[in-house]
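My structure is below; once you've seen it, I'll send some questions.
In what follows, every heavy atom counts, from backbone to side chain, and hydrogens, waters and symmetry copies are set aside.
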Amino acid sequence: MAAVAPKNKSAITLKGSAEIVCDYLNFGINSILFQRGLYPPENFQSVENYGLTILMSTDNKIKEFLSTTLSQLKEWLLQRCVTRVAMIITNVKTREVMERWDFYVEYEGNADEPGGAVSEKPLKTIKNEIRDVLKQIASSVAYLPLLDCLCSFDIQIYTKSDVDLPGEWTEAQAAHVKNAQSVKMRSFSTNLHKMDTVVTYKNED
Amino acid sequence: MSQFKFVTEMNNLVTMDGPLTKGPPPRWQRKGQENYQSSNNLSLNSSKQKSFSTSITKTPTKSEVKSKKTPTKTPNKNRSNGSKTPTPNKTASKTPVADRFIPVRSMSNFDLAHYKLSQNEDTSDSPTQKELQKAMFENLHGANIDSQKILSYTNKPPTAPAGFQNPMRVIYTQTKTPASVKSNNRYIPQAPDRILDAPDIVDDYYLNLMDWSAGNVLAVALGAHVYLWNAGTGNIEDLLELQGNDYVCSLAWIQDGDHLAVGTTNGTVELWDCGRAKRLRVMDGHSARVGSLSWNSYVLTSGCRSGQIIHHDVRQREHIITTLSGHTQEVCGLKWSPDGRYLASGGNDNVLNIWQSQTGSHHTNNQPLHIFTAHQAAVKALAWCPWQGHVLASGGGTADRHIRFWNCNIGSCINSVDTKSQVCALLWSCNYKEIISGHGFANNELIIWKYPAMTKVAELTGHTARVLHLVMSPDGSTVLSAGADETLRLWKCFVKNSTKTKTGVQTLEKPSILKQCIR
């Protein structure tokens, strides 16, 4: 998974680290789609990774959307210009924001030599950290309110202002949840990227 | 408040026409007019004579303000403008109105006034407010509002098909699922045979607080106490009480005999001889609470909150045989298969491990034979099939809600069924080819399933909180459920049909199989 650095076989380059982050997001977002019941469960297929069984969407349009978004994100991660990735769940009819999953990106390690920066953190440790977050995502249904309406999702990437807008991308409005309540999940780090996962949901009371 | 004050003022002005216009103008009005004239004079004067201006300028400006405002308030002006509504004016509150204008609420148009007010506020997005917003954003998000872009891909993902309903509804709503109508050729009582009180039972999904011995004695842990209830005689005995804040986390009877293993919060496993009500030994080895126990001959296997599993040889002074580390979180389900070939362990890390016993011994290898990760939540409910030694049933927690069946010889999932509710406990019947499951929210019920078709045979409701544990009587006729509502309920749901099982009794009463029923 990680690109191999010349010095150390287990070292993770910036590119490899960005790939780990994107892989996590792919699995995490799919898991959210399944666990929050956004799409029919028969459109999901179980895949083993991180020592877990994760349900991934088999819908081609969703797959395509995620792969395009995440490959673009990977580029921006390499340029160190992403601060946050937000997954927005909205009510299809009223366009109300029901829930927001924020994935905050922090950059660690030496920023002066991008490309040269490597992490010595063992891949297994990182995968274990990711596994723990994914487990928390799966168990979040125990406290999150029911999304009792037809919902869709979107991904917004918060970047620095000097980023060029690629084709087919637009600037979006920040999505805010009314009467919001947040729960922070565990975080994981590749020693190059640190990722915090926070879910914000509408408090019913 | 200011809004209402303003509204009343406005109304005063509007409704005052009529009586006041007749008669002389009020004193304050006359005064205002005088001031107006004098200010005009003064301004003329001041332009002419500069020496005056320095001393008097203050008064003219003041009076000018007054004189400008007051005329607009006069009834005269209002009358001349006819139906025109007065425009909101910030200085309006300065005019003396209190003594004469008594507000008439019934005639005031609050809606309009409020609309006008709120509209005014919206349009006045002052630069200071913008500045404040910016500062707030910087404080909250650590970045300037202008130095950040929010980007999204324009080709949005599709929405779910119309008419699709969130399948997670089952977790949140109390809908009674109609039992599949299966022609039953036996009677299953819908109400419990008996209800026992279980005060202070710990409402914790991860513990195992009940076991029913082959000698027909039920052991129940309530807080720090362990009680023994003799199901034959009805005698109750208080076996032990833990000191301090410790409580009992798990109980397990040895297959044959009077020995009870007790797991505690401080990581020890105590061995009790219940015939003499005497503690035989205390075995340590765990760093956290021991939430699950299972016997295999002289080997007692204990699972800990730390995720470790220890095989204890209860005959030896050095009792720890091996330590298994196949879980990263609390081990909440632990069951030896009836023939002692496999050990199943389920953890809060959503992993179900199958360990194979070493040939010729009663403990297992250090590496799991199979690792099943299909459950999406903690795996607590575990039960081995009494008639197929390699078939295991496992149930997952709230996020999973599935009962899965595993063939442990080849390591595959045979079947899975969505129960739409947290699975807390599972038991196989040894009198019928059926399996019973205990559930949490929403119905807090017990469900009897036909195996292998997995059609519902019966749903037993009555618990007002989730069903935590299930145990079966040694004869296999009665199931006892412990609920978080602090009751134990006895259900006579597997009573043998005496006319029908004449032939079946022979096989069932073999001691070896009878033992299997209990585990």
Task: Minimum heavy-atom distance between A:Phe65 and B:Asn155, given as atom pair plus value - done: CD1-O, 3.1 Å

Open item on the list: Need one label for A:Asn128: side chain, backbone, both or neither, based on atoms under 4.5 Å from any heavy atom in chain B.
Closed with: neither

Open item on the list: Looking at A:Gln173, I want to see if its CD is surrounded by more than 12 non-hydrogen atoms of other residues, nucleotides or ligands under 6.0 Å.
Closed with: no

TODO: Against chain B, label A:Leu55 side chain, backbone, both or neither, depending on which of its atoms sit under 4.5 Å from a heavy atom there.
DONE: side chain

Open item on the list: Is A:Ser31 close to chain B through its backbone or its side chain, or both, or neither, when contacts mean heavy atoms under 4.5 Å?
Closed with: neither

TODO: Could you look at B:Gln422 and say if it's the side chain, the backbone, both or neither that has a heavy atom under 4.5 Å from chain A?
DONE: neither

Open item on the list: If I measure from the heavy atoms of chain B, does A:Thr69 come under 4.5 Å with its side chain, its backbone, both, or neither?
Closed with: side chain

Open item on the list: Let's test your reading of the structure: which of A:Leu66, A:Asp154, A:Ile62 forms the most heavy-atom pairs below 4.5 Å with chain B?
Closed with: A:Asp154

Task: Backbone of B:Thr159 reached by a side-chain donor or acceptor of A:Ser152 within 3.5 Å - done: no

TODO: Would you indicate whether the side-chain heavy atoms of B:Leu151 and A:Gln72 approach each other to under 4.5 Å?
DONE: no

Open item on the list: With a 4.5 angstrom heavy-atom cut-off, is it the side chain or the backbone of A:Leu38 that approaches chain B, or both, or neither?
Closed with: backbone

- [ ] May I ask you to decide if A:Thr53's main-chain N or O and B:Gln376's side chain share a donor-acceptor pair within less than 3.5 Å?
- [x] yes

Task: A:Ile155 CD1 to B:Lys156 NZ distance, which is reported to the nearest 0.5 Å - done: 9.5 Å

- [ ] Take atom CD of A:Glu64 as the centre, draw a 6.0 Å sphere, and report whether it contains more than 12 heavy atoms from other residues, nucleotides or ligands.
- [x] no

Task: Interface residue of largest heavy-atom contact number with chain B, from A:Lys61, A:Glu171, A:Lys63, under 4.5 Å - done: A:Glu171

- [ ] Output yes when a side-chain donor or acceptor of B:Lys149 lies under 3.5 Å from a complementary backbone atom of A:Val163, and no otherwise.
- [x] yes

Task: Considering all heavy atoms, the nearest A:Tyr39-B:Ala160 contact - done: CE2-N, 3.6 Å

Open item on the list: At a 4.5 Å cut-off on heavy atoms, which part of B:Asp400 comes close to chain A: side chain, backbone, both, or neither?
Closed with: neither

Open item on the list: To check you understand the geometry: which heavy-atom pair defines the closest contact between B:Ala399 and A:Ser139, and what is its length?
Closed with: CB-CA, 4.1 Å

Task: Euclidean distance, B:Thr328 OG1 relative to A:Lys135 NZ, rounded to 0.5 Å - done: 4.0 Å

TODO: Mark yes when over 12 heavy atoms from residues, nucleotides or ligands other than A:Glu48 sit less than 6.0 Å from its CD; otherwise mark no.
DONE: yes

